[in-house]
Amino acid sequence: MLTTELVLQALSNVQDPELGRDLVSLNMIRDLVIHDGTISFTLQLTIPSCPLKDHMAKDARETLMKLPGVRQVHIEFGSMTAEERKEVLNNGKRSLPKLNTMNRIENVFSVMSGKGGVGKSSVTAMLAVELARQGQKVGILDADITGASIPKLFGLPAGGLRGGDMGILPAITPLGIRIVSSNLMLKEEDTTVAWRGPLIAGMIQKFWDDVLWGKIDTLLVDLPPGTSDATLTVMQNLPIKGVMLVTTPQELSGLVVRKAAHLLNRLDIPILGIVENMSYFRCPGCDEEYPIFGPSHSAQLATDFETTLFARLPVDPAIAELCDQGKVEQVQLPEIMALAAQIMLETKIHL
Ligand SMILES: Nc1ncnc2c1ncn2[C@@H]1O[C@H](COP(=O)(O)OP(=O)(O)O)[C@@H](O)[C@H]1O
Ligand SMILES: [Mg+2]
């Protein structure tokens, strides 16, 4: 006998691949009618014209067709109101992040990219350095657990985290930037961390709950590339005020960064702005700019996602060298200074 319960139970195995939750818990199944072997319902999308809608409908249909007695599945699309969407998204969050009571963190921003290797960690580190130079108390939470590279940029040795009675103490750089990273917990820098899924999520949560950050004006969260589970953990469990997207001219021609931007829209997390890295090479003799990786598409991307193009950074061998040597605190780049000023302005950070 085909019952509502049976159908909902089957649909609770169908995931929204972006949000990592099932269609039933996301309250997306509406107006379910079962009649004579035909199942009809409306798939209530979190945003209209969601590009995943056909994918989810196909999964739902295939799952339901496997139930005995089903002859047809009829799916219509609807979309949630902004309020409904907020409620559904908040349901997925833990009640309240239980930040250590000793901590006072004003602003949490994360830095995201579509692909790896676009300079996301370097930009995060350079921005942190500039904010610290301008007088802010800055922290970096390295949420790229398996590809942690923040400590290396600052020349911090492996095993640099200490635990106190009250919690984990971050490593501190010469400029006073507080850093927590899985790399600082390992004995040797190059040990591969083989943890997966839930362990990674648990580790990120620990970096928030159990670290004695103290008073921080800006905490930057360096994410792994793409829209992995770790990214979702950060977006859904930390009070992220906004996200900075880092990309390159090459990457923009692809769809990866758009996918990341799209996920942020669905999660109702503001995109602060876009930073295009490795945009051009500035000729040392004549100051002319050469777009060695092709034309820029970031202005278009910014328009499409109603955000700002914050900066276009040059490819600069000095950056690569200082970063490789763990001397990111010595990088001087006017574009990063302007970026830090913009971030402070946009987010109304007053010192
Ligand atoms: N603007 C730049 N000019 C020159 N080299 C850069 C620049 N940005 C990043 N790099 C180099 O590119 C490599 C990848 O950067 P990284 O920050 O680790 O990328 P991601 O975090 O996106 O994987 C590093 O070797 C870094 O030093
Ligand atoms: Mg990185």
Side-chain angles (χ1 to χ4, degrees), residues 109-130 140-156 158 173 177 179-184 186 189-190 192-193 200 203-204 207 220-231 233-234 243-252 254 256-257 259-261 274-284 287 289-294 296 298 301 309-340:
F109 302 133
S110 65
V111 189
M112 199 173 170
S113 68
K115 282 198 310 186
V118 299
K120 179 173 46 57
S121 301
S122 312
V123 171
T124 306
M126 290 189 288
L127 176 62
V129 167
E130 199 48 51
I140 304 180
L141 190 162
D142 187 354
D144 192 352
I145 305 293
T146 53
S149 64
I150 294 290
K152 203 159 175 267
L153 292 165
F154 287 89
L156 295 170
T173 72
I177 300 170
I179 294 178
V180 170
S181 165
S182 65
N183 236 3
L184 295 167
L186 304 170
E189 228 169 62
D190 290 330
T192 319
V193 178
I200 290 178
M203 174 71 59
I204 293 172
F207 286 173
L220 298 176
V221 181
D222 187 24
L223 291 169
T227 50
S228 63
D229 285 357
T231 301
T233 300
V234 169
V243 173
M244 198 171 80
L245 280 174
V246 180
T247 177
T248 62
Q250 286 159 300
E251 194 199 22
L252 278 166
V256 258
V257 73
K259 204 175 150 201
I274 297 168
V275 175
E276 188 186 88
N277 190 25
M278 310 195 204
S279 300
Y280 51 89
F281 177 71
R282 195 182 283 139
C283 167
D287 261 4
E289 294 176 2
Y290 295 92
I292 47 178
F293 291 125
S296 166
S298 25
L301 182 75
L309 176 56
F310 267 153
R312 297 182 66 231
L313 309 179
V315 181
D316 184 346
I319 296 178
E321 197 176 326
L322 287 171
C323 286
D324 278 357
Q325 293 172 346
K327 295 178 182 164
V328 70
E329 293 197 339
Q330 291 176 25
V331 173
Q332 300 271 2
L333 198 67
E335 285 85 355
I336 293 282
M337 274 181 222
L339 173 65

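Just so you know, ligand 1 is whichever comes first in the structure, and atom 1 is the first atom listed for that ligand. Just the heavy atoms: all of them, side chains too, but no hydrogens, waters or symmetry mates, feed the values below. Note that the structure is a prediction, hence the values are computed from the model and not measured.
The side-chain heavy atoms of Leu313 and Val123, taken from C-beta on, include a pair separated by under 4.5 Å. Within the 4.5 Å cutoff, the side chain of Thr231 has heavy atoms near those of the Pro224 side chain.
The side chain of Ile319, and not its backbone, has at least one atom closer than 4.0 Å to an atom of ligand 1 (non-hydrogen atoms only; side chain from C-beta on). With a 4.0 Å cut-off on non-hydrogen atoms, Ser122 touches ligand 1 through its backbone as well as its side chain. Looking at Val123 against ligand 1, nothing comes within 4.0 Å, counting heavy atoms.
Looking only at distances, no side-chain donor or acceptor of Lys115 sits under 3.5 Å from a matching main-chain atom of Val256. Asn183 places a side-chain N or O within donor-acceptor distance of the main-chain N or O of Ala148, the cut-off being under 3.5 Å. Listed for the Asp222 side chain is no donor-acceptor partner under 3.5 Å among the backbone atoms of Asp142.
Enclosure of atom CG in Asp316 by more than 12 non-hydrogen atoms of other residues, nucleotides or ligands within 6.0 angstrom is indicated.
Residue side and main chain included, Ser121 places an N/O/S atom under 2.8 Å of the Mg ion (ligand 2).
Heavy-atom proximity to Cys323, at under 4.0 Å, picks out these atoms of ligand 1: 27 (O). Interface atoms of ligand 1 facing Lys120, defined by a heavy-atom separation under 4.0 Å, are 17 (O), 19 (O), 20 (P), 21 (O), 22 (O). Heavy-atom contacts of Met278 reach the following atoms of ligand 1: 8 (N), 9 (C), 10 (N), 12 (O) (cutoff under 4.0 Å). Taking every non-hydrogen atom of Gly117 and a distance limit under 4.0 Å, the qualifying atoms of ligand 1 come out as 19 (O), 20 (P), 22 (O), 23 (O).
Here Ile204 contributes atom CD1 and Ser182 contributes atom OG; the two are 9.5 Å apart, rounded to the nearest 0.5 Å. How far OG1 of Thr124 is from CG of Asp144: 10.0 Å, rounded to the nearest 0.5 Å.
Nearest to atom 8 (N) of ligand 1 among the protein's heavy atoms is Asn277 ND2, 2.9 Å. Closest to atom 27 (O) of ligand 1, if we only count protein heavy atoms, is Ala320 CA, 3.5 Å.
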query = Passes side chain to side chain contact (heavy atoms under 4.5 Å, CB included), Ile274 versus Leu301? Steps please.
reply = CA-CA 8 Å; Ile274 297 168; Leu301 182 75; 3.4 Å; yes

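Across the listed options Gly114, Pro317, Gly119, Gly119 owns the non-hydrogen atom lying nearest to atom 15 (O) of ligand 1.
For ligand 1, the polar-atom distance check finds an N/O of Val118 within less than 3.5 Å of one of the ligand's N/O atoms. Taking only nitrogen or oxygen atoms, main chain and side chain alike, Pro314 reaches within less than 3.5 Å of ligand 1. In terms of N/O distances under 3.5 Å, ligand 1 is not approached by Lys115. Note: no N/O pair closer than 3.5 Å links Ser149 and ligand 1 by distance alone.
For Asp316, the heavy-atom gap to ligand 1 drops under 4.0 angstrom. Heavy-atom separations between Ser113 and ligand 1 are all 4.0 Å or longer.
Of all heavy-atom pairs spanning Val331 and Met126, the tightest one is CG1-SD, 3.7 Å. Heavy-atom minimum distance, Ala230 versus Ala143: CB-O, 4.4 Å.
Shown here, atom 24 (C) of ligand 1 is out of close reach of the protein: none of its heavy atoms lies under 4.0 Å off. For atom 2 (C) of ligand 1, the nearest protein heavy atom lies under 4.0 Å away.
The pair Glu335-Arg282 meets the salt-bridge criterion, with a side-chain N (NZ, NE, NH1 or NH2) lying under 4.0 Å from an Asp/Glu carboxylate O.
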